[in-house]
Amino acid sequence: MAEIDRGLVEQILELKKVRKAIILAHNYELGEVQDIADFCGDSLELSQKAAVTDAETIVFCGVHFMAETAAILCPGKTVLLPDLHAGCPMANMITAEALREKKKEYPGATVVCYVNTSAAVKAESDVCCTSANAVKVVRKLGNTGEIIFIPDQYLGSWVAQETGKSLVLWPGYCPTHARILPEDIKKRKAEHPSAKVLVHPECRPETKLVADAVLSTGGMIRFARESDAREMILGTEIGIIHRLQKENPEKRFFPVSEQAICPRMKLITLETILWSLQSMRNVVTVPDDIRVKAQRAVNRMLEMS
Ligand code: 13P
Ligand code: SF4
């Protein structure tokens with residue numbers, strides 16, 4: 001790994017105090033970004049943290065929908081996304097307009113939206129979910145009639161299987177996770193036969209079939225901490241290996257594929273964090289009419305979690 005610029009880190013920590021800021025980082029962020037964060041977590045944990053922080057500024061090291069979710073939950077705070085180009089391609093696979101059209105086909109259906117969506121899409125949805133609580137949220141809906149699940153078809157088909165409910169799916173997917181294939185897992189497993197295989201629910205169904213557990217990134221962190229397994233193969237974005245190795249130095253972690261990189265997550269660097277704190281630019285805001293409706297869907301999820 002490249003040498004970390006200590007001066008850069010000190011400047012960030014200094015400025016963080018001046019701006020009364022908290023730094024939140026997703027588990028896929030670069031190691032040096034995770035290391036300076038006040039809190040690292042999965043999408044659910046990050047939104048829960050944003051909802052309760054008393055900091056005035058939130059520096060969100062993640063992708064756009066995550067910063068937007070913080071802005072939905074914290075209207076009085078300044079939410080910075082160090083690089084505004086850090087968007088999630090899956091979130092861009094559905095628009096509010098397209099969802100309104102879909103709803104016309106299924107009048108009265110309940111819309112469950114994955115948190116990987118824009119605020120405008122959340123505003124058109126009944127309840128939000130993350131990969132950590134999607135099964136729980138859909139189970140808790142009970143017998144509400146038809147459910148439209150957007151936008152991840154692979155998370156959706158897994159939730160349908162786990163809950164026994166038939167869901168109307170949207171053809172979205174994560175380009176990073178869709179590239180993780182069963183044959184890659186089999187190859188790694190041949191190299192490390194006693195390793196447990198953990199995959200993210202955004203992986204394809206055939207990839208999930210060859211895994212020992214299907215978990216959110218936060219679930220993987222807990223599994224690694226609590227399980228007796230000494231070796232694990234991770235079917236998700238490789239940024240998580242940094243945290244796993246740091247927290248469990250006596251265990252060994254292998255990515256299914258070194259190619260499983262989310263390029264947008266990697267746009268957040270120490271340099272862009274410092275720049276955003278200096279300039280207070282790249283503020284993520286959500287117009288009030290959309291925010292109020294989107295907040296209903298996010299709060300409903302937080303109450304159900
Ligand atoms: P988690 O909520 O499991 O951290 O996943 C977020 C994500 O974007 C996965 O690609
Ligand atoms: Fe989006 Fe996939 Fe990146 Fe997660 S890993 S932020 S779903 S593109």
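From a predicted model like this one, the values you see are computed outputs, not experimental measurements. Both counts, for ligands and for their atoms, begin at 1 and track the order of listing. Note that the numbering runs from 1 along the sequence shown for the chain.
Atom CZ of F253 is surrounded by more than 12 heavy atoms from other residues, nucleotides or ligands within 6.0 Å. Taking a 6.0 Å sphere around NZ of K103, one finds it holds more than 12 heavy atoms contributed by other residues, nucleotides or ligands.
Put simply, the side chain of S125 never gets that close to the backbone of V111: no donor and acceptor are under 3.5 Å apart.
Note on ring orientation: taking the six-membered ring where Trp is involved, the planes of H192 and F254 are parallel (angle under 30°, cut-offs 30° and 60°).
Considering only non-hydrogen protein atoms, atom 10 (O) of ligand 1 sits nearest to E202 OE1, 2.8 Å. Protein heavy atom in closest approach to atom 1 (Fe) of ligand 2: C88 SG, 2.4 Å. At the shortest separation from atom 3 (Fe) of ligand 2 among protein heavy atoms lies C262 SG, 2.4 Å. Nearest to atom 8 (S) of ligand 2 among the protein's heavy atoms is P89 CD, 3.3 Å.
The two residues L46 and G41 make their nearest non-hydrogen contact at CD1-O, 3.6 Å. Shortest non-hydrogen contact noted between R264 and V63 is CB-CG1, 4.0 Å.
Distances from atom 2 (Fe) of ligand 2 show that C174 has an N/O/S atom below 2.8 Å.
Per-residue contacts place H177 under 4.0 angstrom from the following atoms of ligand 1 (heavy atoms of the residue considered): 10 (O). Listed by atom number, the atoms of ligand 1 under 4.0 Å from D42 heavy atoms are 1 (P), 2 (O), 4 (O). For ligand 2, the atoms sitting less than 4.0 Å from at least one non-hydrogen atom of N116 are 7 (S), numbered in the order shown with element in parentheses. Residue H26 approaches ligand 1 through these ligand atoms, each under 4.0 Å from one of its heavy atoms: 1 (P), 4 (O), 5 (O), 6 (C).
In this structure, CG on L80 lies 9.5 Å from CD1 on I58, to the nearest 0.5 angstrom.
Using a 4.0 angstrom heavy-atom cutoff, M90 does not count as in contact with ligand 1.
When heavy-atom distances to ligand 1 are checked against a 4.0 Å cut-off, E237 has no atom that comes that close, whether in backbone or side chain. Contacts with ligand 2 closer than 4.0 Å are made by side-chain heavy atoms of E202 only, the backbone lying farther away.
The residue from M66, E45, H200 that puts a heavy atom closest to atom 5 (O) of ligand 1 is H200. The closest heavy-atom contact to atom 6 (C) of ligand 1, among the options C88, S43, C203, G218, comes from S43. Between S131, G62, A134, A132, it is S131 that holds the heavy atom closest to atom 1 (P) of ligand 1.
For the pair H242/E29, no side-chain contact is recorded, criterion being any heavy-atom separation below 4.5 Å from C-beta on. Proximity of T69 to V298: side-chain heavy atoms (C-beta onward) are separated by under 4.5 Å at one or more points.
Between S216 and ligand 1, a contact under 3.5 Å exists for no N or O pair. Polar contact check, N116 against ligand 1: a nitrogen or oxygen pair lies under 3.5 Å apart. Of the N or O atoms in T130, none lie within a sub-3.5 Å distance of an N or O in ligand 1.
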